[in-house]
Amino acid sequence: WYFNGVDGYVEVPDDPSLNPTRVTVEVLVRPRVVGVQPFILSKYSWSNIRGYALLIYDGKVYWRVFGNGVRTQVISNVAVSADRWYFIQAMFDGDVARLYINGALDNYGSAHLEGEPTVPLRVGYASDAAPGGSYYFDGLIALARVYNRALTEDEIDNTYNSHIVN
C-alpha cells in the first residue's frame with residue numbers, strides 16, 4: 001500500500017480480538033519521511049491511554065504499549081532512513097516490550113498493557129486522532145500483521161526469514 005502522508009490510511013473496525021493482553025505486530029515499511037511522527041500501525045486511545053502503537057519519530061522506531069494511563073515506549077537504537085525497506089517486529093509478552101528491526105532484537109523494556117481501547121486499528125495513521133496533523137504515514141507499507149500473542153524467538157526468526165531472506 002502506498003500512503004501519501006496527507007490523508008491515506010486503512011481502518012479495521014474495533015473488535016475484542018484486536019485488544020489482546022499479549023501482542024506482536026509485524027510490518028514491512030519503506031518510509032519517505034522520517035522526521036515527523038507518522039504512525040505505521042496503531043490501536044490505542046489517546047483519551048484513556050490504552051493499547052499499542054508503532055510509529056517513526058526523528059528517525060527512530062517507537063513501539064508504544066499503554067495500560068490504564070501508563071505509557072511505555074521502546075525506542076530503536078537503529079536510525080531509520082527515508083527510502084529504505086525495514087522489516088519491523090514489535091512484541092509484548094505480558095512483561096517486556098521488544099522491538100526487532102530486520103530480524104535482530106534492537107531494544108526492549110518492561111511495559112504494561114491493560115484495558116481495551118474502543119477505537120479502530122489503523123494502518124498509516126493514529127487510531128483516534130482527528131483528521132489532519134502530522135500523524136499520517138508517508139511511504140509504502142507492504143505487510144501489516146497483528147498477532148494476538150507474543151511470538152517466540154524462533155517464530156520471530158522464521159517470520160523474518162520467510163518474508164525477507166527467501
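Counting begins at 1 with the first residue of the sequence. No experiment lies behind these values; they were computed from the predicted model shown.
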Does D154 reach the main-chain N or O of D157 with its side chain, forming a donor-acceptor pair under 3.5 Å?
no

Within a reach of under 6.0 Å around CZ of R84, are more than 12 heavy atoms found that belong to other residues, nucleotides or ligands?
no

Pair V61, I75 - check side chain to side chain contact (heavy atoms under 4.5 Å, CB included), show working.
CA-CA 6 Å; V61 177; I75 304 168; over 6 Å; no

Interatomic distance, Y100 atom OH to N107 atom CG [nearest 0.5 angstrom]:
11.5 Å

F66 ring center within less than 6.0 Å of Y44 ring center
yes

How far apart are the closest heavy atoms of S42 and A53, and which atoms are they?
CB-CB, 3.9 Å

Show the nearest heavy-atom pair for residues L105 and R98, with the distance to one decimal.
CD1-CB, 3.9 Å

pair F87-E26: side-chain heavy atoms closer than 4.5 Å
yes

Going by atom types only, do S17 and D15 share a side-chain donor-acceptor pair under 3.5 Å?
yes

Any chance you could lay out the side-chain hydrogen bond (donor to acceptor under 3.5 Å, both in side chains) test for Y125 and E11, step after step, and finish with the verdict?
CA-CA 9 Å; Y125 192 54; E11 183 172 289; over 6 Å; no

Do Y2 and R32 meet the criterion of a side-chain donor-acceptor pair at a distance under 3.5 Å?
yes

Where do V33 and P38 come nearest, in terms of heavy atoms and distance?
O-CG, 4.2 Å

With D83, which residues qualify under side chain to side chain donor-acceptor pair (under 3.5 Å), at least two apart?
none

What's the separation between atom CG in L54 and atom CD1 in I88, rounded to the nearest 0.5 Å?
5.5 Å

Here the gap from W63 atom CH2 to S76 atom OG, rounded to the nearest 0.5 Å, amounts to 14.0 Å

Which residues pass the side chain to side chain donor-acceptor pair (under 3.5 Å) test with T24, not counting sequence neighbours?
none

Between the CD1 atom in I40 and the CG atom in L55, the distance rounded to the nearest 0.5 Å is 7.0 Å

Which distance, rounded to the nearest 0.5 Å, do you find between the CZ of F92 and the CG of L99?
14.5 Å

Looking only at the side chains, is there a donor atom on one of Y160 and E155 sitting less than 3.5 Å from an acceptor on the other?
no

Nearest heavy atoms of T72 and S110, plus distance in Å:
CG2-O, 3.1 Å

Closest heavy-atom contact between V119 and K43?
O-NZ, 2.6 Å

Ionic contact status for R149 with D93, cut-off 4.0 Å:
no

Side chain to side chain contact (heavy atoms under 4.5 Å, CB included) assessment of V27 paired with L143
CA-CA 5 Å; V27 295; L143 168 79; over 6 Å; no

According to the interplanar angle, ranging from 0 to 90°, do the rings of Y136 and Y9 count as parallel (below 30°), tilted (30 to 60°) or perpendicular (above 60°)?
tilted

So V25 and Y52, do their side chains get closer than 4.5 Å, heavy atoms only?
yes

Can you measure from CE (M91) to CZ (R22) and round to the nearest 0.5 angstrom?
11.0 Å

According to a hydrophobic-cluster definition based on side-chain heavy atoms being under 4.5 Å apart (Ile, Leu, Val, Met, Phe, Trp, Tyr only), do V96 and I156 belong together?
yes

Give a yes or no on whether the backbone of P31 and the side-chain of D138 come within a donor-acceptor separation of less than 3.5 Å.
no

Heavy atoms from other residues, nucleotides or ligands near OH of Y108 exceed 12 (cutoff 6.0 Å)
no

Classify the ring geometry between F3 and F137 as parallel (under 30°), tilted (30 to 60°) or perpendicular (over 60°).
perpendicular

How far apart are the closest heavy atoms of N102 and Y86, and which atoms are they?
OD1-CA, 3.5 Å

Could you check if a side-chain atom of V146 sits within less than 4.5 angstrom of a side-chain atom of L121, using non-hydrogen atoms only?
yes

